[in-house]
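For reference, the structure discussed in these notes is given below.
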Number of protein chains: 2
Amino acid sequence: MAAWSELLAGVRGVLLDISGVLYDGGEGGGAAITGSVEAVARLKRSRLKVRFCTNESQKSRADLVGLLQRLGFDVSESEVTAPAPAACLILKQRGLRPHLLVHDGVRSEFDQIDTSNPNCVVIADAGEDFSYQNMNKAFQVLMELENPVLFSLGKGRYYKETSGLMLDVGPYMKALEYACGIEAEVVGKPSPEFFKSALQEMGVEAHEAIMIGDDIVGDVGGAQRYGMRALQVRTGKFSFTALLVCFERGSSAFSIWAAGRRPDCRSLAKAGEGGSPKISCSLALHREHHGLTFSF
Amino acid sequence: MAAWSELLAGVRGVLLDISGVLYDGGEGGGAAITGSVEAVARLKRSRLKVRFCTNESQKSRADLVGLLQRLGFDVSESEVTAPAPAACLILKQRGLRPHLLVHDGVRSEFDQIDTSNPNCVVIADAGEDFSYQNMNKAFQVLMELENPVLFSLGKGRYYKETSGLMLDVGPYMKALEYACGIEAEVVGKPSPEFFKSALQEMGVEAHEAIMIGDDIVGDVGGAQRYGMRALQVRTGKFSFTALLVCFERGSSAFSIWAAGRRPDCRSLAKAGEGGSPKISCSLALHREHHGLTFSF
């Protein structure tokens, strides 16, 4: 297998996922993941360009950046690519007026958008606001449209809070897709347009960039499909099961340890007994590298 | 095209869907659909065997039959095939202890089922109980199981109440399937086992039976795949759009008018200008027949 330095040759820019990589959300805003504040600082001191690429859709960018700064991260609003501002741009370009099924925390991002007499629906990670009543209202709006248009800010399956795994927007997107017999337009990872805009802001080509995230599908798979390299950290919602499913499906993802969170390798080793070279490659990497603290 | 009498030759038994065919649910329990009380009475006076085959999962069979009797229908509990009792049978046979995400109205059907230390999840049309918190709890139970098993009582997309279209259990089933990366086991229409048990109770073979419902997928498609004939009424959640989608996919469903609810034929006629023989056949039927009041 290729050496670590070969795998990272030519990398000029790093896209960092936020939730599950830099911090875990939860009571009181959440907590920084051990080692991540220092890792971001180290990356910023390096020759690499750094940008934050998140599917966070419960908070406005301003609130998210405020939280990260309080947790000790060196980050500013202009360094963050997030789905709500990207959705606003699309709505304006296409003259669409959304019915919003979003968390109150992100509603301010849509302040400049006309929401009267809606001709589309935008859903985001609404959390507790994913009530039956709110879902039914979004469904009814879509069913009354001749050409129903549904935007979903990301399509993550779940994320991790300090209290446990929580349903993300993806399951609710699937619910509305099925109810209405339509396909949603995803704004956020793993959409190619979203990666494109993040790379443009950073001034780096896809083949020169690496995405670091905890989501094997949204972060790693999405970035790889867009021609980037990708690393999966073992914090956040990382799970061996999800990783193995992707290996079995032929993903070339590779995975690294996050600082201070050594994995239980039993399940991976057990699955590796079948002799899959991809899993062996993954195990080799696990032994050598320790999460966000690696050096380029 | 074949005459009506030919299409119905050899029919010995009729399976009747309930919601959207006999009555529309809503405030105060709902209202009988015009002509349906008389149509059931006429069917019962005929030489045909009649059974009610419903995906109703908000109410116990006892409550559903009580409601129908108050609306004037001649129906008893033993004539109704419903998913909750069918699910209880499966849970007992397989030694499964469910976490229940169901409406309070149907909970009594599970009184004899052990729900301690759950090793599967059962969801039904929970209505307002499809809160984020309840969905997240069901998701977390599934994610903690080594082999997550999810039962869904039906997989309907939506149903019609007097106040409008309402999300059914199907979208929430899809949400949990996506969140957990699993496939649910459907108990209810269009599951072949469910039609089988209804036909066995009636003592009629599939080729001798006809299913009458308002759902082009769950009722009509499901029955046809099981070797039955099927009629779609134009009450309940009937829509031209859904019907046309099925015609385009090659379904041989045909559709009849429900008494007092003449359709707006414009969209169908417009689509029919393309010259599809199936759509023409459908139009021909529409002109001749008037819902549940037809005679065998």
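In this text, all values refer to a predicted model and were calculated from it rather than measured experimentally. Basis for what follows: all heavy atoms, side chains included, without hydrogens, waters or symmetry-related copies. Note on naming: letters A, B, ... go to the chains in the order of the sequence lines (proteins, then strands), and numbering restarts at 1 for each one.
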Can you tell me how far apart NZ (B:K137) and CG (A:L167) are? Round to the nearest 0.5 Å. 12.5 Å
Is it the backbone or the side chain of A:Q140 that comes under 4.5 Å from a heavy atom of chain B, or both, or neither? side chain
In Å, rounded to the nearest 0.5 Å, how long is the span from SG of A:C180 to OH of B:Y158? 8.5 Å
Side-chain contact, heavy-atom cut-off 4.5 Å: A:F139 with B:M166? no
For chain B, which residues from residues 183-191 of chain A have at least one heavy atom closer than 4.5 Å to it? none
Checked B:D129, B:N136, B:D168 vs chain A; the most non-hydrogen pairs under 4.5 Å come from B:N136
Distance col, row B:Y172:OH vs A:Y132:OH, nearest 0.5 angstrom, shows 6.5 Å
Looking only at B:G164, B:G127, B:G181, B:S131, the option with the highest number of non-hydrogen pairs under 4.5 Å against chain A is B:G127
What do you reckon, is CD of A:E128 surrounded by more than 12 foreign heavy atoms closer than 6.0 Å? yes
I'd like to verify something: which residue of B:L165, B:L176, B:N134 has the highest number of heavy-atom pairs under 4.5 Å with chain A? B:L165
Mind checking the CZ-CE spacing from B:R157 to A:M143? Nearest 0.5 Å is all I need. 6.0 Å
How far apart are the closest heavy atoms of A:K155 and B:Y178, and which atoms are they? O-OH, 2.5 Å
